[in-house]
Amino acid sequence: MKFNREKFILWGLLIGMVLGGVVGIYAGDAAASFGFLGTLFLNALKLIIVPLIVASMISGVTSLGDVRKLGKLGATAVVYYLVTTAIAVTIGIIVVNIIQPGVGGAIDSTALAPEAAEYSILDVILGMFPPNIIDAAARTDVMPLIVFSLVFGAVLTTLGKRAAPVIHLFDVVNEVILKIVGYIMLFAPFGVFGLIAGKLGDVGWDAFQVELLKTAEYSVTVLAGLALHGVIALPLLLYFLARRVPLRYLGNTAEAIVTAFSTASSSATLPVTMEAVEKNARISNKVGGFVLPLGATINMDGTALYEAVAAIFIAQLYGVDLTIGTQVVIFLTAILASVGAAGIPQAGLVTMVMVLNAAGLPTEGIGSILAVDWFLDRFRTATNVWGDVIACAVIEKRLGAEALDALPSAIAANPPE
């Protein structure tokens, strides 16, 4: 029987949660000794951040080909995706600040609140261009790493054949890093067990109940944000920019949305998405063949929204007051980190560490959301794919018939990987 990694992780997380709860309740203080499993898992996630950023960002940008030759289709798609991701993050930040699911949590009352990094808008801008990129990497300062990798990849595409060996190197490195991420996620069930059992052993059942309630409120907040973006914001863009009826368009592409929800992978859903968009929604294969693979790489509206909500939720749990500057850092990093999030299950969990590091928030807070990540991952993946299929209609409408006819058919035949 073939090993199914996704099912192992899913069922493993569920079993890890239950066992962690049972051990934590009945083993008492002794359960705290299992906390090292959670620490080991979080350390592994931190370990992979720098190589993941550099390899995935550079590989993603170079897959587009010479950035100077993207033309109107490429420029329109990239700008549109960045705008919709910014809208998603904005919705997430507003919703989490209104609901405040983490305020009054158990961590807030049982641990000293850590010092949050404080940023002004000028600090944010200057922070993107540090004097020493190696020092930034050593400190896991992700914002300048993201910016540098994007610029490096873009310039690399302009060097022609001379850059081919370097591009191939980063493609291979990216593939290796993604495999390592896959291996780390295989350890996730043990990490969940250690985090839950260790937390119960440290704080006791009463305090842990409060944290469970806060995690439930966090889940509702994420789902509310995704609903606002997927049910209101994106359909409005579809209606006003593409002149399409949202419900009818949803019916035409429903198979892709359902597949995305069931697989929790926008990359695995891509063949289904392309068929639904081109055959059912009647989108030109020139547009679908370019926009959808690009979207599976850089358009992660649901992931970006989730990362912003999770970061602010963790700050609330720890009693950290976030300044406007720090929330701007979360806004920018969530957008840029989502670009580097691979279209695989739980990839957003890895990039979440980037956002927390950038905002100076404790990465240990991931333990508070890890148990429900597998569930929320399916909703945010469905939102990602819904955003991709809507992008096809909007971009096709914005280009117009003449520009569409002028597009070379090779774009559809050789979409970016």
Side-chain angles (χ1 to χ4, degrees), residues 38-39 41-50 52-53 89-90 92-97 99-121 123-124 127-128 136-146 191 195 199 202-203 211 214-215 217-219 221-222 225 303-338 340-341 346 348-373 376:
T39 302
F41 176 65
L42 293 177
N43 285 349
L45 289 178
K46 297 176 189 177
L47 175 70
I48 208 70
I49 291 176
V50 171
L52 177 69
I53 291 175
V89 175
T90 301
I93 291 176
I94 291 173
V95 169
V96 73
N97 276 294
I99 298 178
Q100 297 188 332
V103 173
I107 297 176
D108 189 17
S109 60
T110 60
L112 293 176
E115 290 293 328
E118 293 189 8
Y119 299 93
S120 66
I121 302 300
D123 289 333
V124 174
M128 294 181 183
R139 292 182 289 104
T140 324
D141 190 357
V142 300
M143 185 74 78
L145 283 177
I146 292 173
L195 288 166
K199 180 61 66 65
D202 284 335
V203 304
E211 191 169 336
K214 290 300 174 184
T215 302
E217 292 179 13
Y218 155 76
S219 299
T221 303
V222 172
T303 301
L305 185 150
Y306 141 84
E307 289 176 347
V309 172
I312 296 176
F313 167 72
I314 289 171
Q316 292 170 354
L317 272 183
Y318 279 85
V320 178
D321 291 325
L322 297 178
T323 64
I324 295 298
T326 306
Q327 296 204 38
V328 170
V329 169
I330 292 173
F331 172 83
L332 292 174
T333 313
I335 293 174
L336 296 175
S338 70
Q346 277 90 45
L349 186 65
V350 182
T351 53
M352 166 54 58
V353 183
M354 303 180 194
V355 180
L356 294 176
N357 273 331
L361 295 170
T363 53
E364 292 76 13
I366 286 181
S368 301
I369 64 174
L370 188 58
V372 296
D373 184 73
L376 298 177

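Since the model is a prediction, treat every value here as computed from it, not as a measurement.
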Undergrad: So, for Met352 and Ala310, which heavy atoms are closest and what is the spacing to 0.1 Å?
TA: CE-CB, 3.3 Å
Undergrad: Please list, chain by chain and in numerical order, all residues satisfying side chain to side chain contact (heavy atoms under 4.5 Å, CB included) with Leu47, sequence neighbours excluded.
TA: none
Undergrad: What are the two closest heavy atoms between Val89 and Ala304, and how far apart are they?
TA: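 Where Val89 meets Ala304 most closely, the heavy atoms are CG2-CB, 3.5 Å.
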Undergrad: Could you report the tightest heavy-atom contact between Val96 and Thr221, atom names first, then the distance?
TA: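 Closest heavy-atom pair between Val96 and Thr221: CA-CG2, 3.8 Å.
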Undergrad: Where do Phe313 and Ser368 come nearest, in terms of heavy atoms and distance?
TA: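 Smallest interatomic distance, heavy atoms only, reads CE2-CB, 4.4 Å.
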Undergrad: Would you say Ile48 and Val353 make side-chain contact, with heavy atoms under 4.5 Å?
TA: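 No, their side chains stay 4.5 Å or more apart.
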Undergrad: Identify the heavy atoms of Ala311 and Leu356 that sit nearest to each other, and give their distance.
TA: CA-CD2, 3.9 Å
Undergrad: Side chains of Leu332 and Met128: does their closest heavy-atom pair fall under 4.5 Å?
TA: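 A side-chain contact under 4.5 Å exists here.
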Undergrad: What are the two closest heavy atoms between Ala358 and Thr333, and how far apart are they?
TA: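 Looks like CB-OG1, 3.6 Å.
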Undergrad: Partners of Thr363 by side-chain hydrogen bond (donor to acceptor under 3.5 Å, both in side chains), sequence neighbours excluded?
TA: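 side-chain hydrogen bond (donor to acceptor under 3.5 Å, both in side chains) check on Thr363 returns Lys46.
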Undergrad: With no hydrogens and no angle check, is any side-chain donor or acceptor of Thr326 less than 3.5 Å from a backbone partner on Ala359?
TA: no
Undergrad: Measuring from Ile330:CD1 to Leu361:CG, what's the distance to the nearest 0.5 Å?
TA: 5.5 Å
Undergrad: Can you list the residues that meet the side-chain hydrogen bond (donor to acceptor under 3.5 Å, both in side chains) rule with Asn97, with sequence neighbours excluded?
TA: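 By the side-chain hydrogen bond (donor to acceptor under 3.5 Å, both in side chains) rule, Asn97 matches Gln327.
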Undergrad: Report the distance from atom CZ of Phe41 to atom CG of Leu195, rounding to the nearest 0.5 Å.
TA: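 Taking CZ in Phe41 and CG in Leu195, the distance rounds to 8.0 Å.
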